[in-house]
Structures are given as structure tokens and as C-alpha cells.
2 protein chains.
Amino acid sequence: MNLPPLAAIRVFEAAARHGNFTKAAEELGMTQAAVSYQIKLLEERVGAALFLRLPRQVALTEIGARLAPSMTDAFEILRAAFATMRESTEGILTITTIPTFAATWLVPRLGSFHMEHPSLAVRLKSTRDMVDFSRQEADVGIRSGQVKWPGLVCHKLFQADFTPMLSPTLAASIGGVKTPEDILKLPILDPGDPWWNIWFNLVGIDKPALRGDLRTRLGDQHLEGRAVLAGQGVGILTPVFFQSELQQGQLIQPFNVVGTSKHAYWLVYPEARRNVPKIRAFRDWMLGHIGEVKT
Amino acid sequence: MNLPPLAAIRVFEAAARHGNFTKAAEELGMTQAAVSYQIKLLEERVGAALFLRLPRQVALTEIGARLAPSMTDAFEILRAAFATMRESTEGILTITTIPTFAATWLVPRLGSFHMEHPSLAVRLKSTRDMVDFSRQEADVGIRSGQVKWPGLVCHKLFQADFTPMLSPTLAASIGGVKTPEDILKLPILDPGDPWWNIWFNLVGIDKPALRGDLRTRLGDQHLEGRAVLAGQGVGILTPVFFQSELQQGQLIQPFNVVGTSKHAYWLVYPEARRNVPKIRAFRDWMLGHIGEVKT
DNA sequence: TATCTTTCATAAGGCCACCTTATGGATCAT
DNA sequence: ATGATCCATAAGGTGGCCTTATGAAAGATA
């Protein structure tokens, strides 16, 4: 019931196909002696001769001839399966990322990635769950955190810096924001965010009196950014996420003072897969384009 | 293009089928740790996760799920091929034998073998060529020779003894054969056969004057036996080959004196296949029935 | 006929791939 | 809270498998 050793079957298949041990050895990248050894092993295992040893050649026995086509069929199936798998997996890159990063940084730049790698399709999985490549199907992940993770290659993308931002309209409503104190005149989105205290401390203001609804917790810089863009209040945001809005004047960053969180954003992927082409492609592209961004 | 290690593929197939490393390990007769090791190996080789490690269970990834059916198909083909091979080879015993033995001893007794082993079909190859299992397809061989052959299990069946024989009619034509000298009155089949001199020496006659045509060389005891049965002359034959003709009175062995050749008849088969069931069956049957024969 | 070439078999020897044992972590069940 | 189940991982030993080297057989060539 049990199959003979697969290595021996493999050698037999090649030898039967070539009708020649030496050629089979070449195909398999081994020596002729190894082929001879494996065939003999298989013959003893199945209890029947598979080749006749004729002078300067071998010929399949009746039994061997009956066996060989099935072996070739089976290996053809295996080869085909792995080939199609390779094709399909080589062509799809699955990225798991936190929603903020997806919406504010990644999605706007994916067009550039497609231009560089037209044959690679990208599949995005946007989730807050901490990436765990052993439990989720993904090639690379983008996560925030303080430390490196064991078993993962971690590239630091940037620190989670933060500074107040608001819409030009909102700023104009109080005649412009010139000093940190001006911010206190305006409604604060998510005043419970600890970043506010840290930032006001940096500009010399202790215990700032923040106006705004404490219950507003958008929980996500992206959503907070939308609210800020809509002029609903002042947000404390990470500048790199709103690069284009700042350039286009849709958002204002009134002060150069930024707070620095211990958290950073990381590109991560399993160490074991560091040399998979699509992963290298994405890493190279990403690190290149992160560098372009002025933090 | 190259396939991943086959052992790993095999383990993956079983694990995918069971959806459980532990069960797969049991099926394959190995430990759970070994399964884990092989799966990991395969994943690194193909550059993609094949299983998701969920709490207390594993689940195929998309890629794994696409791969698994082909793996099962391929192994099913292998299993089926070896199974049918086994069935067909187990049921056919190929015997290569010298023609004399086939005609005089083996064929008349094959019915008995079929009675003991109804599921075994026998294929006879009758040839004078020295048996060489590496060049001919055969399970067992019967050959005459003096020595044992390396790599073969050799069972001595009997010595090639010889003694004059003739038909009752021919004996009667000279009033019966009572002394060795009487034989010299009759035509000798193949008087050039060296056995004649040896036998006459045994009975004290040096340089016997043999009558008969020196050109008559039937070359084969079976054919010589037919000629003797037809009353065409006296032959020097091996008694065991003509057991039944002697018992039924179709042939007469006038003297108990037999010459003994250094040659013997042997049952041989490759040492490596000594435990193949059909070979053991034939060997046991043959040695049992050789023992029955009075030499 | 002699020499060269090709092809497979075999012996010896070394190494690494693979397996086992042992242990730990995570989660579910009771 | 305890036990059971399932998988991952580390450590360690060994035997399977491969290589090298050589020989035998016989076709090819001259």
C-alpha cells in the first residue's frame, strides 16, 4: 500500500523517459552512479526488475514500461501545479496595512508602484489587527509600534510625529493662527488625545484648556483628517500623511514644532521571504518613495 | 522549474488531506514535529505560506488550497500505478528453463503447481541461453552447470546422471538386454556423446565399439528421448527425466549403474528477490516435488 | 585485431538532511 | 484553574544518499 521512496520514483521516471541513466543523471543534476543506485533500490522495493541491462544501454522491462507512463503523468501534474502556483503567486502582492496608512499614504501612491511593476497586482487588506503572517495571508505588512518583531524584517518608515493642523477657512475665522494660544480659541477634534498635552508642553503651555467634545474619538488619523479638512475643528496629525493636502493649501500646519511619538510606522515581512521577488520589489519601491517625503 | 523536495510534497499532501498535522504524521508513520518541519521547508521553498496556523488547528491558505488537489491527484496516480503493477506481477511467474527440463520434468508437473497455487499463472520461456536475470525478464530459472553463480540463490535439483535406455521393443529384438555388451549389438543414438565412454568404463568396458551414426546429434535429451521411445536406438539419458516412461514400461533402464556428471540441474533466482511470494511458492513447490522423485 | 569510447555496476566513504525526543505556547474544554 | 489538544522549535544522532573512483562489457573505429 505504501509508496516506494519518492526520490527513487523520481529517478525512475527520468531514466524511463530518457532510456538512459547517464542522461537522467544530467537532468536531475546528480551522478550516473546515483541513478543506478536509486533504480536498484526501487527494483528491490517493488520486487521486480524495471530495466533490462543490455550492453551499453538499458531497456524497460514489461513491468517498467507499464509503470513509466503513470509516473510521468503524476510528475507532470506536480510540475504543472507548482508552475501555475508560481505564476499566480508571483503576480499578486498582498499588503496588510492599518487603515490610516492605506488611505493617506499608500493608496495615493500605488499608481506609481504599478508603473514600476506593471505585472504585479496589489491586493490591499486594511485592518487594525496587528500583523501576524502565520495567521493571515499577506506578503508584507505596515504596522505601527515601538520595537522590532522577531522573525520579521522591519524597515522603519517614519516616526509618528504630530502637530496641530486645520483648514484655511477655520484659521481665517479667527483672523489666522499665529501663536499656539490661538488654537485654544478653536474647537479641538478629539481633545482627549494625549498628543495634545505633549505638543502644548513643547511650546511652553502647561495644561492647555482645550475646547471640544471629549466624546469625539474618531480613532483614526484618516477620519480625523477628513474632519479637519471639512473645517470642523483643529486636529493633531502626522504631517507625512497629509503631504499633498498641505502642499495644495487644503490644510494648514501653523507651526513647525512637531511632537515625536515613540511609535513609528514600519514595513515588515517574514525574514524567510526576504528574497521573494515581489517582496523585494515592494520594499525597494517603498523605501525609495519614503525617502522622497520631507518629514 | 524544479520541483520542491518530494518528501515535503508528500507530507503536504497528507496534511492538506487531513487538515491536521498530527493525523498526517500518523498516516505517514512519523512524528508531528517532522510534519511541521517538512511543511515549513516546503513553504520556504515555494516562497509562500501553505497553511495558516490558527489556534489548535491549521487551515490551508488560498495558495495551499489551490495546490492540494493536484498533489492528491498525482499521488493517487502513483498509488494506483504501483497497486496495479503489484497485482499483475504478483500473479504471473515467469520461468526460464532449458528445453529438456521443460519438456521432460516441468511441464508434466505444472498441473500440480497450479493446484497448489491457483492464483498464479505461469509463463514459460524455454531457451538454451544461460540465464541472466539482468538481461532477461524472468522470475526464476532452471539451468545446468557445475557451480553456483554469484548473486543468485541456487538450489541443486539433481545431478545429471546418465545410463543407457531403450524401448522394450528394441530390447526384445535381440532377446533382451542382460549385459552391457548386449547394448553394443544395437544402434546407438549419438555415439559421439562422451557419456557413453564414461558409462562403459564404469561397467569395465574400455573403448566400446559403438554402432550408430556419428552425425546424429539431437543435442537435447528430450529429443533423444523421443527417438529412444520410437525404438530408433539406445540412448544415454538422465533417468529422472523419464520417470513416468520408465514406470509405464515405455522405456527400459537395463542397468542400475549410472554415470555421474559434474553438471547438475539448478533452480536459480536473484538473491535480492528471494522473498518475493511467488518465487518462494515456486521454490517450495519445486524442492518438495524434486524430493519425491526417486533418483 | 587493437584501441578508444560509451554506458552501467559497484565499492568505499563522508556528510547533511531528516527524523526523534523534549519542551513550550496557545487555546479550548471541563 | 486544570487538563487536553495541537503546533512550533531546539538539540542531537544517524542512516540514506550522493560522490568519487574504478571495473566490466561491448560497440565504434582504424
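Order of the sequence lines sets the chain letters (A, B, ...), proteins ahead of strands, with each chain counted from 1. These numbers were taken from a predicted model, which means no experiment stands behind them.
- Applying the salt bridge (charged side-chain N to carboxylate O under 4.0 Å, His left out) test to residues at least two apart or on different chains, the pairs with a partner in residues 64-73 of chain B are B:Glu62-B:Arg66.
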Return the polar atom pairs (N/O with N/O) between nucleotides 18-20 of chain C and the protein under 3.5 Å, or none.
from, atom 1, to, atom 2, distance (Å)
C:dC19, OP2, B:Gln38, NE2, 2.8
C:dT20, OP2, B:Thr31, N, 2.8
C:dT20, OP2, B:Thr31, OG1, 2.8

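- Look at A:Ser36 and you won't find any side-chain N or O under 4.0 angstrom from OP1 or OP2 of C:dC8.
- Computed from coordinates, the B:Arg135 CZ to D:dA24 P distance equals 14 Å when rounded to whole Å.
- Applying the salt bridge (charged side-chain N to carboxylate O under 4.0 Å, His left out) test to residues at least two apart or on different chains, the pairs with a partner in residues 36-50 of chain A are A:Glu43-A:Arg53.
- Residues A:Gln221 and A:Thr104 form no side-chain contact, since every pair of their non-hydrogen atoms from C-beta on lies 4.5 Å or further apart.
- Within a heavy-atom distance below 4.0 Å of DNA chain C, the residues of residues 13-21 of chain A found are A:Asn20, A:Phe21.
- Of the possible polar contacts, one joining the B:Thr61 side chain to the B:Leu50 backbone as a donor-acceptor pair under 3.5 Å is found.
- Look at CG on A:Leu52: it is 15 Å from C1' on C:dT7, rounded to the nearest Å.
- Rounded to a whole Å, the CG atom of B:Leu54 is 15 Å from the C1' atom of C:dG25.
- Below 30°, between 30° and 60°, or above 60°: for B:Trp195 and B:Phe162 the angle between ring planes is below 30°, a parallel geometry.
- Remark: P of D:dT5 and NZ of B:Lys23 are 11 Å apart, rounded to the nearest angstrom.
- Taking atom CD on A:Glu44 and atom P on D:dG16, their separation rounds to 13 Å, with Å as the unit.
- Look at CD1 on A:Ile39: it is 12 Å from P on D:dC18, rounded to the nearest Å.
- No close placement of the A:Phe101 and A:His222 rings is indicated, their centers lying 6.0 Å or farther apart.
- If you measure from atom CZ of B:Phe51 to atom P of D:dC7, you get 9 Å, rounded to the nearest angstrom.
- Among residues at least two apart or in separate chains, salt bridge (charged side-chain N to carboxylate O under 4.0 Å, His left out) pairs with a member in residues 19-35 of chain A are A:Arg17-A:Glu27.
- Atom CG in A:Leu6 sits roughly 16 Å away from atom P in D:dG16 (whole-Å rounding).
- In this model, no donor atom of one side chain and acceptor atom of the other lie less than 3.5 Å apart for B:Gln159 and B:Thr260.
- Here A:Lys40 reaches the OP1 or OP2 of C:dT10: one of its side-chain N or O atoms lies under 4.0 Å away.
- For B:His117, the ring-ring contact (aromatic ring centres under 6.0 Å, His included) test picks out B:Phe113, with sequence neighbours left out.
- Here A:Thr96 pairs with A:Arg143 under the side-chain hydrogen bond (donor to acceptor under 3.5 Å, both in side chains) rule; sequence neighbours left out.
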What protein N or O atoms touch nucleotides 2-6 of chain C N or O atoms at under 3.5 angstrom, if any, and at what distances?
from, atom 1, to, atom 2, distance (Å)
C:dT6, O4', A:Arg56, NH2, 2.8
C:dT6, O2, A:Arg56, NE, 3.1

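- Not counting sequence neighbours, the partners of B:Phe51 by the ring-ring contact (aromatic ring centres under 6.0 Å, His included) test are B:Phe12, B:Phe21.
- Under the 4.5 Å side-chain criterion, counting only non-hydrogen atoms from C-beta, B:Val46 is in contact with B:Pro4.
- Every residue two or more places apart in sequence or in another chain that forms a side-chain hydrogen bond (donor to acceptor under 3.5 Å, both in side chains) with B:Trp285 is listed here: B:Ser112, B:His289.
- Here A:Thr22 lies in heavy-atom contact (under 4.0 Å) with sugar-phosphate atoms only.
- One axis for each end of the helix from C:dT1-D:dA30 to C:dT30-D:dA1, each built from five base pairs, and the angle between them comes to 30° at 10° resolution.
- The list of salt bridge (charged side-chain N to carboxylate O under 4.0 Å, His left out) pairs with a residue in residues 275-285 of chain B, not counting sequence neighbours, reads B:Asp139-B:Lys278.
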